[in-house]
Number of protein chains: 2
Amino acid sequence: MLSLLRARGGRATASRRILLEVLFDSHDHRSVEELAAAVQSRAPDVHLSTIYRNLEELEELGVIAHTHLGHGPATYQLATSAHAHLLCERCGRRYEAPAELFAGLARAARQRYGFTIDPRHFAILGRCAECA
Amino acid sequence: MLSLLRARGGRATASRRILLEVLFDSHDHRSVEELAAAVQSRAPDVHLSTIYRNLEELEELGVIAHTHLGHGPATYQLATSAHAHLLCERCGRRYEAPAELFAGLARAARQRYGFTIDPRHFAILGRCAECA
DNA sequence: TCTCTTATCGAGAGTGAGTCGCAATTGGGT
DNA sequence: ACCCAATTGCGACTCACTCTCGATAAGAGA
Ligand SMILES: [Zn+2]
Ligand SMILES: [Zn+2]
Ligand SMILES: [Zn+2]
Ligand SMILES: [Zn+2]
């Protein structure tokens with residue numbers, strides 16, 4: 001993965017290694033603030049702006065992806081563990097939605113508009129059973 | 001609609017009338033910046049913070065709704081004209097998606113999680129035919 | 001119509017999340 | 001080991017809101 005970086009003229013710096021390690025360790029969506037705390041516990045001098053830049057770079061590389069679960073800050077995770085979400089806009093309860101839930105929508109969007117959906121970027125809001 | 005406001009102890013002020021008029025006139029999603037420009041062309045002294053507060057109030061009343069089409073600022077429209085969107089994350093092309101496109105997802109989410117989706121709040125990202 | 005209560009307003013400061021510019025510091029190809 | 005572009009630390013900055021506060025005015029009641 002680091003050599004993938006180098007192949008594009010990028011460099012495998014300490015802050016990038018650590019950031020990747022942190023992302024591998026935490027198999028969940030992490031806000032930039034959380035990632036920064038984890039990285040800085042191992043290398044205190046890594047600046048927040050460096051984390052932002054590295055996240056951007058790794059995302060361009062296709063290694064990681066970000067997701068918006070509601071109104072708060074974006075969250076990041078490994079691209080391989082990205083998935084869609086259902087989020088209750090009342091209580092905040094969250095469900096991780098497998099891709100087949102979106103099969104119907106994907107087919108309809110393609111037939112009607114030639115559009116290929118990627119439902120992982122923004123959560124689908126709504127109401128959970130309790131809040132409906 | 002203004003009497004609906006008054007019924008809840010609210011007041012029908014000039015800035016609210018104008019804001020509602022602007023929203024009725026523009027049958028489309030409008031950013032707060034655009035709404036502010038339109039309101040201020042009729043009443044220059046209306047402050048941006050007043051527009052934000054009025055939008056919040058009218059939204060609580062259920063009269064209007066906001067939508068996120070991508071990474072930019074939120075957009076507002078009359079609640080009656082709210083609908084879902086497909087947005088190409090490459091070129092920005094936008095499709096307005098009728099509710100029946102989401103019928104399958106709505107059914108699956110309800111069966112599996114008891115979750116009632118409201119797909120109008122966040123757009124579904126993806127790739128249009130040209131960009132796929 | 002006058003009064004009074006209090007919702008709303010204008011103005012401006014503050015916040016959270018992310019971006020930018022720049023000089024100093026590397027990584028890594030040769 | 002040398003060189004130079006990629007990367008970093010740092011702070012200033014932007015954007016989209018959000019809050020505070022004293023002044024104003026809507027509208028219920030007299
Ligand atoms: Zn995003
Ligand atoms: Zn809920
Ligand atoms: Zn929203
Ligand atoms: Zn496109």
Side-chain angles (χ1 to χ4, degrees), chain A residues 1-20 22 29-37 39-61 63-76 121-123, chain B residues 1-20 22 29-37 39-61 63-76 121-123:
Chain A
M1 190 172 282
L2 294 172
S3 56
L4 179 62
L5 236 180
R6 273 189 285 257
R8 304 226 310 186
R11 289 174 186 179
T13 65
S15 69
R16 287 183 182 169
R17 289 165 198 276
I18 297 174
L19 179 56
L20 276 173
V22 165
H29 329 86
R30 291 277 170 232
S31 70
V32 175
E33 194 182 7
E34 290 168 338
L35 292 171
V39 168
Q40 284 163 356
S41 77
R42 301 201 206 178
D45 288 348
V46 175
H47 198 272
L48 191 53
S49 65
T50 296
I51 311 244
Y52 276 109
R53 285 185 292 227
N54 284 345
L55 287 169
E56 191 184 354
E57 174 76 16
L58 291 173
E59 188 160 23
E60 244 161 64
L61 224 74
V63 170
I64 64 174
H66 78 265
T67 297
H68 308 273
L69 309 167
H71 281 164
T75 63
Y76 285 81
H121 193 156
F122 286 103
Chain B
M1 190 173 281
L2 293 173
S3 56
L4 178 63
L5 236 181
R6 273 189 285 257
R8 305 226 309 185
R11 289 173 187 181
T13 65
S15 69
R16 287 184 182 168
R17 288 165 199 277
I18 297 174
L19 178 56
L20 276 173
V22 165
H29 329 87
R30 291 276 171 234
S31 70
V32 176
E33 195 182 4
E34 291 168 340
L35 292 171
V39 168
Q40 285 163 357
S41 78
R42 300 201 207 179
D45 288 348
V46 175
H47 198 272
L48 191 54
S49 66
T50 296
I51 310 244
Y52 276 108
R53 285 185 293 227
N54 284 344
L55 287 170
E56 190 183 354
E57 173 77 15
L58 291 173
E59 188 160 23
E60 243 161 66
L61 224 75
V63 170
I64 64 175
H66 78 266
T67 297
H68 308 272
L69 308 168
H71 282 165
T75 63
Y76 286 80
H121 194 158
F122 286 103

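Note that the structure is a prediction, hence the values are computed from the model and not measured. Chain A is the first sequence line, chain B the second, and so forth, proteins listed ahead of strands; every chain is numbered from 1.
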Please check this pair: side chain of Thr67(A) against backbone of Thr75(A), looking for a donor-acceptor N/O pair closer than 3.5 Å. no
Picking from Leu48(A), Thr50(A), Asn54(A), what satisfies side chain to side chain contact (heavy atoms under 4.5 Å, CB included) with Tyr52(A)? Leu48(A)
Among [options], find the nucleotide with the atom closest to the side chain of [X].
X        : options                   : result
Asn54(B) : dC17(D), dG18(C), dC9(C)  : dC9(C)
Ser15(A) : dT18(D), dT8(D), dG10(C)  : dT8(D)
Asp45(B) : dC17(D), dG10(C), dC9(C)  : dG10(C)
Pro73(B) : dA16(D), dG18(C), dG12(C) : dA16(D)
Val46(B) : dG10(C), dG9(D), dT8(D)   : dG10(C)

Heavy-atom side-chain proximity of Glu57(B) to Leu5(B) below 4.5 angstrom: yes
Side chain proximity check, Leu20(B) to Arg16(B), heavy atoms < 4.5 angstrom: no
Do the rings of His71(A) and His121(B) sit parallel, tilted or perpendicular, given the 30° and 60° boundaries? perpendicular
Parallel, tilted or perpendicular: ring planes of His66(A) versus Tyr76(A), cut at 30 and 60 degrees: tilted
Which heavy atom of Ala43(B) sits nearest to which heavy atom of Ile18(B), and what is that distance? CB-CD1, 3.7 Å
Starting at [atom1] of [X] and ending at [atom2] of [N], how long is that distance when rounded to a whole Å?
X        : N       : atom1 : atom2 : value
Leu35(A) : dG18(C) : CG    : P     : 11 Å
Leu48(B) : dA11(C) : CG    : C1'   : 12 Å
His66(A) : dA17(C) : NE2   : C1'   : 13 Å
Arg8(A)  : dA5(D)  : CZ    : C1'   : 16 Å

The contact string for nucleotides 21-30 of chain C, one letter per nucleotide 5' to 3', using protein heavy atoms under 4.0 Å with B, S and - for base, sugar-phosphate only and none, comes out as B----BBS--
Would you mind reading off the bend of the helix from dT1(C)-dA30(D) to dT30(C)-dA1(D) from its two end axes, five pairs each, to 10 degrees? 30°
On DNA chain C, compare the nucleotides closest to Gly9(B) and Ile51(B); which residue's is nearer the 5' end? Gly9(B)
